[in-house]
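What follows is a short report on a single structure.
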Amino acid sequence: MTELDRGAVPARRAGAQESLPWEDVLSRPAVEAAPLVLGTVLTVRTPDGGAGGVPGEVAVRLTEVEAYSGETDPGSHAYRGLTARTAPMFEHGGRLYVYFTYGMHWCANLVCGTAGSASALLLRAGEVVSGVDVARARRPAARADRDLARGPARLAQALGLTGADSGLELAVGGRAELTPGERVDPALVRTGPRVGVAGAGGDGAVFPWRFWIDGEPTVSVYRPAVPRRR
DNA sequence: CGTGCGATATTCT
DNA sequence: GAATATCGCACGC
């Protein structure tokens with residue numbers, strides 16, 4: 001296992017962000033792409049309404065992501081091989097993988113790596129930088145603006161993403177688009193264990209595969225994985 | 001502010 | 001049949 005596999009990403013790597021187009025960044029493994037994706041802006045245009053039926057355009061500046069590494073990662077949906085659901089994860093980076101969980105929530109990933117590698121970044125949180133009105137209409141439960149995309153299911157809902165968007169390729173001017181944001185100080189990039197993933201805390205190996213921008217009010221609250229009680 | 005718990009349906013075993 | 005990459009509300013401090 002390499003240093004990158006352990007999540008020990010050199011801070012310097014995050015510095016080159018603004019000079020790298022997303023095509024290059026997202027063709028790398030998720031653990032490597034994660035610090036570079038922080039601070040970029042994901043724009044989703046849903047004239048048909050998308051989730052919740054509210055049409056419009058919302059842009060989110062990504063402040064927190066988690067890396068999932070396919071066949072070597074027990075926490076990854078792709079761990080047990082290719083299925084109809086996880087098919088987009090096995091394709092080349094630069095598209096979305098959206099899944100349904102807990103009976104009611106959609107969560108969105110940015111697929112990373114090359115075809116066959118099953119690597120992705122779960123989009124855990126972001127700051128809504130445009131389309132705040134649309135996001136608020138989709139998320140009436142949100143108290144403050146900072147809660148609009150604070151948490152993976154909230155972020156997907158604010159952007160109007162559902163399973164219908166899984167596999168969607170990012171494209172300039174398309175339904176989904178990723179653009180560089182303001183430069184993120186590499187010293188502010190933090191790493192820690194993933195949220196809500198069995199094996200990510202306490203028992204056995206813990207990998208710092210969660211990445212976030214320190215000091216951001218939109219970063220979601222950390223919760224260790226808790227086995228469901230019955 | 002923090003902890004606890006129910007809702008809910010797809011996916012894979 | 002069991003588990004789930006979660007959220008929001010209720011309640012107690």
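Every chain is numbered from 1, with letters handed out A, B, ... down the list of sequences.
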| Tyr79(A) OH - dT13(B) P separation (whole Å) | 12 Å
| task | Flag the pair Glu177(A) and Arg45(A) as a salt bridge only when some basic side-chain nitrogen lies within less than 4.0 angstrom of an acidic carboxylate oxygen. | result | yes
| query | At under 4.0 Å, does any side-chain N or O of Thr83(A) touch on OP1 or OP2 of dC12(B)? | reply | yes
| field | Face-on cation placement of Arg85(A) at Phe100(A) ring, 6.0 Å and 45° thresholds | value | no
| said: Taking 5.5 Å and 30° as the limits, would you call Tyr102(A) and the base of dT4(C) a stacked pair? | reply: yes
| Under a 4.5 Å cut-off applied to non-hydrogen side-chain atoms, are Val25(A) and Leu178(A) in contact? | no
| task | Give DNA chain C the dot-bracket treatment, 5' to 3': Watson-Crick (N1-N3 with N6-O4 or O6-N4) or G-U (N1-O2, O6-N3) under 3.5 Å, [ ] crossing, | other strand. | result | ||||.|||||||.
| message | As a test of reading the structure: which of dA5(C), dT8(B), dT6(C) is closest to the side chain of Met104(A), going by heavy atoms? | response | dT8(B)
| said: Just N and O in the side chain of Arg150(A): are any of them under 4.0 Å from OP1 or OP2 of dC7(C)? | reply: no
| message | Please determine whether a side-chain nitrogen or oxygen atom of Arg124(A) lies at a distance below 4.0 Å from atom OP1 or OP2 of dT6(C). | response | yes
| task | Find out whether Phe211(A) and Leu38(A) are in side-chain contact, i.e. whether some heavy atom of one side chain is under 4.5 Å from a heavy atom of the other. | result | yes
| request: Using atom CZ of Arg80(A) as one end and atom P of dA5(C) as the other, report the distance to the nearest whole Å. | output: 11 Å
| request: Take atom CZ of Arg210(A) and atom P of dA5(C), then tell me their distance rounded to the nearest Å. | output: 16 Å
| Side chain of Tyr97(A) (C-beta onward), nearest among dT10(B), dT8(B), dA5(C) | dA5(C)
| Rounded to the Å, how far apart are Met89(A) CE and dT11(B) P? | 15 Å
| field | dA5(C) pyrimidine/purine six-ring stacking with Tyr99(A), under 5.5 Å and 30° | value | no
| message | Determine whether a donor-acceptor pair (N or O, by modelled atom type, separation under 3.5 Å) exists between the side chain of Asp73(A) and the backbone of Gly75(A). | response | yes
| remark: Side-chain atoms of Arg85(A) come closest, of dA9(B), dC12(B), dG8(C), to dC12(B)
| query | For the side chain of Arg190(A) and the backbone of Ala187(A), is there at least one donor-acceptor N/O pair under 3.5 Å apart? | reply | yes
| request: Quick one: label Arg139(A) by what it contacts on the DNA or RNA (base, sugar-phosphate, nothing), any heavy atom closer than 4.0 Å. | output: sugar-phosphate
| What integer distance in Å separates Leu123(A):CG from dT6(C):P? | 13 Å
| said: To check you understand the geometry: which heavy-atom pair defines the closest contact between Arg139(A) and Leu148(A), and what is its length? | reply: CD-O, 3.1 Å
| request: Whole angstrom is fine here: how far is it from CZ in Arg143(A) over to C1' in dC1(B)? | output: 15 Å
| So does His77(A) get a side-chain nitrogen or oxygen closer than 4.0 Å to the phosphate oxygens (OP1/OP2) of dA5(C)? | yes
| Which pair of heavy atoms, one from Arg136(A) and one from Asp145(A), lies closest together, and at what distance? | NH1-OD1, 2.5 Å
| message | Using whole Å, what does the distance between atom P of nucleotide dT11(B) and atom CG of Leu82(A) come to? | response | 14 Å
| field | Length of the CG-P vector between Asp147(A) and dT6(C), whole Å | value | 17 Å
